[in-house]
Novice: 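Can you read through this structure? Questions will come right after.
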Protein chains: 2
Amino acid sequence: MGDIDTVVARIQQGNGRPAEGVCPIRDVLDQLGDKWSMLLIFLLAAGAQRFGELRRKLPDISQRMLTQTLRDLTRNGLVTRTVHPTRPPSVEYALTPQGFTLLDALGPLLRWAEDHHDYVRSSRRRFDAEA
Amino acid sequence: MGDIDTVVARIQQGNGRPAEGVCPIRDVLDQLGDKWSMLLIFLLAAGAQRFGELRRKLPDISQRMLTQTLRDLTRNGLVTRTVHPTRPPSVEYALTPQGFTLLDALGPLLRWAEDHHDYVRSSRRRFDAEA
DNA sequence: CTGTATCCCATATGATACTG
DNA sequence: CAGTATCATATGGGATACAG
């Protein structure tokens, strides 16, 4: 755990994997690596929210992708989906306890991104300037 | 920083962004979210390595994607590329200091993935069983 | 050995219209 | 309001052949 050789071994083990892999890293990354999953997790960190609220807070997501991403997060046990039997229906989404632990695990990455954003951008400029 | 409201604000700020965004989260995720970046960072954590070595350790990456991913990582200042003027040429890749700090920031996520892999897989099974 | 160019396909995402 | 269906498109990524 945390041991790099172990990680590498697992990564290689995951090569040529079938549908849903053996390698936990790839498995988790496949869910988180898409365009919206992480952003939704961050949004949901503030508490349970309805479909429409999320949509408004993320103006450039399509209805289709919001539905789909929320379904995947639910399927993976990171988010709960609660239908309130009103007319018209309202549906609330919230992080599960495991969703919250994932959020914690994402904290350092978040901080890294903010702390190094300038560095990354200037690296790009320098790189593009050469060539 | 680390404050969720701030994060959300930044995410929204990034909406409808131009080429290379204002939002550090999206900016970093775009680089890390592809199929190979994180895996290469983990591999390079073990030390500088040549193109061919990396290729052998990641049997299912195409030459094209290896080149491309390494170039992007280099462009973002996470990896250095050193050409040794031998015949034939040999090229070594290594993490930069910033690459190593990113690696550290990724540690918790790695651990989460391992710790919760079983949970995620059983969640999926349960979800798929219903419907 | 390392890297580029080309061609091709699968998939992810978006736009729009429709339904309970 | 929340979700589905359909169509269209962009992009990611693989295979292969070639080049310095």
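Each chain gets a letter, A, B and so on, in the order the sequences are listed, and its residues count up from 1.
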Novice: Once rounded to the nearest 0.5 Å, what's the spacing between atom CZ of B:Phe51 and atom CZ of B:Arg56?
Specialist: 11.0 Å
Novice: In this structure, how many angstroms lie between the P atom of C:dT11 and the CG atom of B:Asp34, rounded?
Specialist: 18 Å
Novice: Return the 5'-most residue of the pair A:Phe51, B:Ser62 with respect to DNA chain D, ranking by each residue's nearest nucleotide.
Specialist: A:Phe51
Novice: Where does the angle between the aromatic ring planes of A:Trp112 and A:His116 fall among parallel (under 30°), tilted (30 to 60°) and perpendicular (over 60°)?
Specialist: parallel
Novice: Can you list, in residue-number order, the parts of residues 81-89 of chain A that come under 4.0 Å of DNA chain C, counting heavy atoms only?
Specialist: A:Pro89
Novice: Counting side-chain heavy atoms from CB outward, which of C:dG3, D:dG13, D:dA2 is closest to B:Lys35?
Specialist: D:dG13
Novice: For a side-chain contact (heavy atoms from CB on, under 4.5 Å) check, start with the C-alpha distance between B:Val91 and B:Thr82, then their side-chain angles and the critical distance, and finish with the verdict.
Specialist: CA-CA 6 Å; B:Val91 184; B:Thr82 315; over 6 Å; no
Novice: Without decimals, in angstroms, what is the distance between B:Ile61 CD1 and D:dG12 P?
Specialist: 14 Å
Novice: For A:Leu66 and D:dG3, what is the distance between atoms CG and P respectively, to the nearest whole Å?
Specialist: 8 Å
Novice: Would B:Asp27 and A:Arg121 pass as an ion pair if we require N to O under 4.0 Å?
Specialist: no
Novice: Among the nucleotides D:dG14, D:dG3, C:dG3, which one has an atom lying closest to any side-chain atom of A:Tyr93?
Specialist: D:dG3
Novice: Round to a whole Å and report the spacing from CG of B:Leu70 to P of C:dC1.
Specialist: 16 Å
Novice: For the side chain to side chain contact (heavy atoms under 4.5 Å, CB included) test, which of A:Leu66, A:Thr69, A:Leu40 pairs with A:Leu58?
Specialist: A:Leu40
Novice: I need the single residue from A:Glu92, A:Arg55, A:Lys57 that forms a side-chain hydrogen bond (donor to acceptor under 3.5 Å, both in side chains) with A:Gln49. Which is it?
Specialist: A:Lys57
Novice: So what does B:Gln63 touch, heavy atoms closer than 4.0 Å: a base, only the sugar-phosphate, or nothing?
Specialist: base
Novice: Hey, are A:Asp72 and B:Arg124 close enough for a salt bridge, meaning a charged N less than 4.0 Å from a carboxylate O?
Specialist: no
Novice: Which of these nucleotides, C:dC1, C:dT13, D:dG13, is closest to any side-chain atom of B:Arg64?
Specialist: D:dG13
Novice: Roughly how many Å is it from CG in A:Leu39 to P in C:dT13, rounded to a whole number?
Specialist: 11 Å
Novice: Between P on C:dT4 and CZ on B:Arg55, what's the gap in Å once rounded to a whole number?
Specialist: 14 Å
Novice: Let's see if you can work this out: which of C:dG3, D:dG13, C:dT13 has an atom nearest to the side-chain heavy atoms of A:Met65?
Specialist: C:dT13
Novice: What is the distance, rounded to the nearest whole Å, between atom CD of B:Glu53 and atom P of C:dG3?
Specialist: 13 Å
Novice: Between atom CD in B:Gln68 and atom C1' in C:dT4, what is the gap in whole Å?
Specialist: 12 Å
